[in-house]
Amino acid sequence: MSIRIGILGYGNLGRGVECAIKHNPDMELVAVFTRRDPATVKILTDSASVYHVDEAEKMKDKIDVMILCGGSATDLPVQTPKYAQWFNVVDSFDTHARVPEHFANVDKAASESNHVGIISVGWDPGMFSLNRMYANAILTNGKDYTFWGKGVSQGHSDAIRRIDGVKDGKQYTIPVEAALEAVRNGENPELTTRQKHTRECFVVAEEGADLARIENEIKTMPNYFDEYDTTVHFISEEELKRDHSGIPHGGFVIRTGKTGWNDENSHVIEYSLKLDSNPEFTSSVIVAYARAAYRMSQEGQKGCKTVFDVAPAYLSALDGAELRKHLL
Ligand SMILES: NC(=O)C1=CN([C@@H]2O[C@H](COP(=O)(O)OP(=O)(O)OC[C@H]3O[C@@H](n4cnc5c(N)ncnc54)[C@H](OP(=O)(O)O)[C@@H]3O)[C@@H](O)[C@H]2O)C=CC1
Ligand SMILES: N[C@@H](C[C@H]1CC(C(=O)O)=NO1)C(=O)O
C-alpha cells in the first residue's frame, strides 16, 4: 500500500514535493492544501485535488504524512504544531535561532496526538546538519566551517517577500572569497558570521511603497540579515523574471581535525552540494523523511524528531539485503 502524502502550502517547495513524489513509487499524492482560493491553484497531479487548508482536518484519516511547505519566517511556526494535532508531519523549518522553540511546540502537539513530527529537514538544516554532527563525533579534535552559495536562499527570499510593500524578491548568499581561501589553505581561521558571507537582495516593490523603509527592514531583520553585510536592489517584475528566474544553490561543510598521540596526523571531512534547483533538491530530502515519519509512526513512535533522531534505514525505499547493497 502506498504512503499517502498531503502537501500544505503550494509554493516553490510545494511544487518540488509534488514532483519528488513522482520519483518515489511507494508514495502517492492525495491532496494539496492552500490558504488561497483552491480554484486559483493549479497542480500537475491528475489523481490529487486542491483544497483550502480549512478542509485538512476532515482528511486526517486519508493522509499518512502531511508535508508542510510554508515559509519558515511566519508560516511554519504556526502551521507545523497546528497540523501535528491531526497528522504525521515533516517540515523544513530553517530559522536556526528559533529551532528550540519550534521543537518544543511541535513535540507537545505530536506527543499528545500520537504523531511523529520531523522538523528542519532539507539541506541546511538537514543534510549539512548530519554531516556537521558526524564530522564532530568522529574528529573530536578539529574545526569546522559551513559555506553556502553563491545561490538563492529560499528562507531569506521568503523572509523578504513577507515585508509590507514587497511584491516579490530573491536573495543571493555569496561566500567571501578570502574566507573560503583561508579555510581551503588549512589556516583554520576564526571567522565571524559577517566575514563568511554577504547577502544580495533583488526586490520588486509595490507601487508607491517606501523603499527606504523596506531596505532598512531587510538589513536589520533578526535571524536573517542583521549579522551580514547586505545590499538591496529595487528592480521591476520583468527584470526579476528575466534575470533571476532560477533557484540554484549549494555549498559545503568542511571539518579538519587531528589524530595521533601528538596530533601528528591531519584529516579533512568534506560534504558538498551543487544544486540546479534548491527547492527540488530540498523536496527530495523531505520526501525521504516523509517515508521515515510514516514508518516510525507505524512502529508507535511519537513526538518531535530531527534528522539526528532518524536511523538512515528509515529513509530508504529498500530494505534487508537490497538495502545492504549500499554498504559496498
Ligand atoms: N532546510 C532547508 O534546507 C531548506 C528550507 N527551506 C524552507 O522552505 C520554505 C519555503 O520556501 P518556498 O517554497 O521557496 O517559499 P514560497 O514563498 O514559494 O512559499 C511559501 C508559501 O507561500 C504561499 N505562496 C506561494 N506562492 C504564492 C503566491 N503566488 N501567492 C500567494 N501565496 C503564495 C504558499 O502558501 P499557500 O499555498 O497556503 O498560499 C507557500 O506555502 C522557506 O521559507 C525555507 O525556510 C527552503 C529550502 C531549503
Ligand atoms: N535554508 C536555506 C538552505 C541553506 C542556504 C542558506 C543561505 O543561503 O543562507 N542557508 O541554508 C534555504 O532556505 O535555501
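Hydrogens, waters and symmetry mates play no part in the numbers below; they use all other heavy atoms, side chains included. All figures in this text were calculated on a predicted structure; none of them were measured in a lab. Indexing begins at 1, ligand by ligand and atom by atom, following the structure's order.
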Atom 43 (O) of ligand 1 has as its nearest protein heavy atom S72 N, 3.0 Å
- Query: Is the centre of the H249 ring less than 6.0 Å from the centre of the W123 ring?
  - Reply: yes
At under 4.0 Å between heavy atoms, what of V121 touches ligand 1? The answer is backbone
Atom 8 (O) of ligand 2 has as its nearest protein heavy atom T173 OG1, 2.5 Å
Atom 24 (N) of ligand 1 sits nearest the protein heavy atom R36 NH2, 3.7 Å
Heavy atoms, side chains only, cut-off 4.5 Å: are I286 and S92 in contact?
yes
Atom 12 (C) of ligand 2 has as its nearest protein heavy atom Q154 N, 3.5 Å
Hey, does C69 come in under 3.5 Å of ligand 1, counting only N/O atoms on both sides? yes
(message) Taking T173's backbone N and O only, do any of them form a donor-acceptor pair with H197's side chain (distance below 3.5 Å, no angle check)?
(response) no
- Message: Could you tell me if R295 sits above the aromatic ring of Y314, with its cationic atom closer than 6.0 Å to the ring centre and no more than 45 degrees from the axis?
- Response: no
_Using salt bridge (Lys or Arg N to Asp or Glu O under 4.0 Å), reason through E18 and R15 one step at a time and then give a plain yes or no._
CA-CA 5 Å; E18 181 182 15; R15 289 188 290 273; over 6 Å; no
- Is the shortest N/O to N/O distance between Q171 and ligand 2 below 3.5 Å? no
Ligand 1 to D158, heavy atom cutoff 4.0 Å, flagged ligand atoms 17 (O), 43 (O)
### Query
Do the charged groups of E217 and R162 touch, with an N to O distance under 4.0 Å?
no
key: Cationic N near anionic O, under 4.0 Å, R184 to E270   = yes
In ligand 1, the atoms that come under 4.0 Å of a heavy atom of N278 are 47 (C), 48 (C)
Query raised in the report: With a 4.0 Å cut-off, would you call R255 and D144 a salt bridge?
Result: yes
When distances are taken from atom 1 (N) of ligand 2, the protein heavy atom at minimum range is D94 OD2, 2.6 Å
Any heavy atom of D124 under 4.0 Å from ligand 1? The part involved is backbone
Q. Using the ring of each side chain (for Trp, its six-membered ring), is F147 parallel, tilted or perpendicular to Y145, with breaks at 30° and 60°?
A. parallel
Of H249, R15, H96, R35, the residue with the heavy atom nearest atom 23 (C) of ligand 1 is R35
Per side-chain contact (heavy atoms from CB on, under 4.5 Å), T198 is matched among T230, T231, V176 by V176
Per-atom filter on ligand 1: closer than 4.0 angstrom to a heavy atom of G155 are 42 (C), 43 (O), 44 (C), 45 (O)
With heavy atoms and a 4.0 Å threshold, my read on which part of T282 contacts ligand 2 is neither
Geometric cation-pi criterion, R35 with Y51: 6.0 Å, 45°:
no
*Give yes or no for whether the N/O distance cutoff of 3.5 Å, strictly under, is met between H249 and ligand 2.*
yes
among protein heavy atoms, the one nearest atom 22 (O) of ligand 1 is R162 NH2, 3.6 Å
Under 4.0 Å from one or more heavy atoms of H156, ligand 2 contributes atoms 9 (O)
**Message:** Are any of the N/O atoms on W123, whether in the backbone or the side chain, positioned under 3.5 angstrom from an N/O atom of ligand 2?
**Reply:** no
Looking only at protein heavy atoms, what sits closest to atom 48 (C) of ligand 1 is T282 OG1, 3.3 Å
G126 near ligand 1 by a heavy-atom separation under 4.0 Å: no
Q. Would you say G70 touches ligand 1, if touching means a heavy atom closer than 4.0 Å?
A. yes
Those residues at least two apart in sequence (or on a different chain) that pass salt bridge (Lys or Arg N to Asp or Glu O under 4.0 Å) with K167 are E237
Original post:
N/O of R161 under 3.5 Å from N/O of ligand 1, yes or no?
Top reply: yes
| message | We want to know whether N24 and R291 form a side-chain donor-acceptor pair, criterion being a heavy-atom distance below 3.5 angstrom. | response | yes
- Query: Is E238 paired with K241 through a side-chain N to carboxylate O contact shorter than 4.0 Å?
  - Reply: no
shortest atom 44 (C) of ligand 1-to-protein heavy-atom contact is with D94 OD2, 3.4 Å
Atom 9 (O) of ligand 2 has as its nearest protein heavy atom R199 NH2, 2.9 Å
So for L13 against ligand 1, with non-hydrogen atoms under 4.0 Å, the contacting part is both
Taking only non-hydrogen atoms of S153 and a 4.0 Å limit, the atoms of ligand 2 in range are 7 (C), 8 (O), 12 (C), 13 (O), 14 (O)
Discussion item. For a 4.5 angstrom cut-off between non-hydrogen side-chain atoms, does V30 reach I5?
Written reply: no
the protein heavy atom lying closest to atom 13 (O) of ligand 2 turns out to be G155 N, 2.7 Å
For this session: Check whether NZ of the Lys or CZ of the Arg K219 lies under 6.0 Å from the centre of the six-membered ring of F225 and within 45 degrees of that ring's axis.
Result: no
Check whether any heavy atom of P125 sits under 4.0 Å from an atom of ligand 1.
yes
heavy-atom search around atom 11 (O) of ligand 2 in the protein gives D124 O, 3.0 Å
The closest protein heavy-atom partner of atom 36 (P) of ligand 1 is T34 OG1, 3.4 Å
min-distance protein heavy atom vs atom 6 (N) of ligand 1 -> S92 OG, 3.6 Å
For the side chain of D75 and the backbone of G70, is there at least one donor-acceptor N/O pair under 3.5 Å apart?
no
Check: Y83 ring centroid to F33 ring centroid under 6.0 Å: no
G122 heavy atoms within 4.0 Å reach ligand 1 at atoms 1 (N), 2 (C), 3 (O)
min-distance protein heavy atom vs atom 41 (O) of ligand 1 -> G9 CA, 3.1 Å
Open item on the list: Does ligand 1 come near enough to Q154 that some N or O of the ligand is less than 3.5 Å from an N or O of the residue?
Closed with: yes
re atom 10 (N) of ligand 2, the protein heavy-atom contact at minimum distance is W148 CE2, 3.6 Å
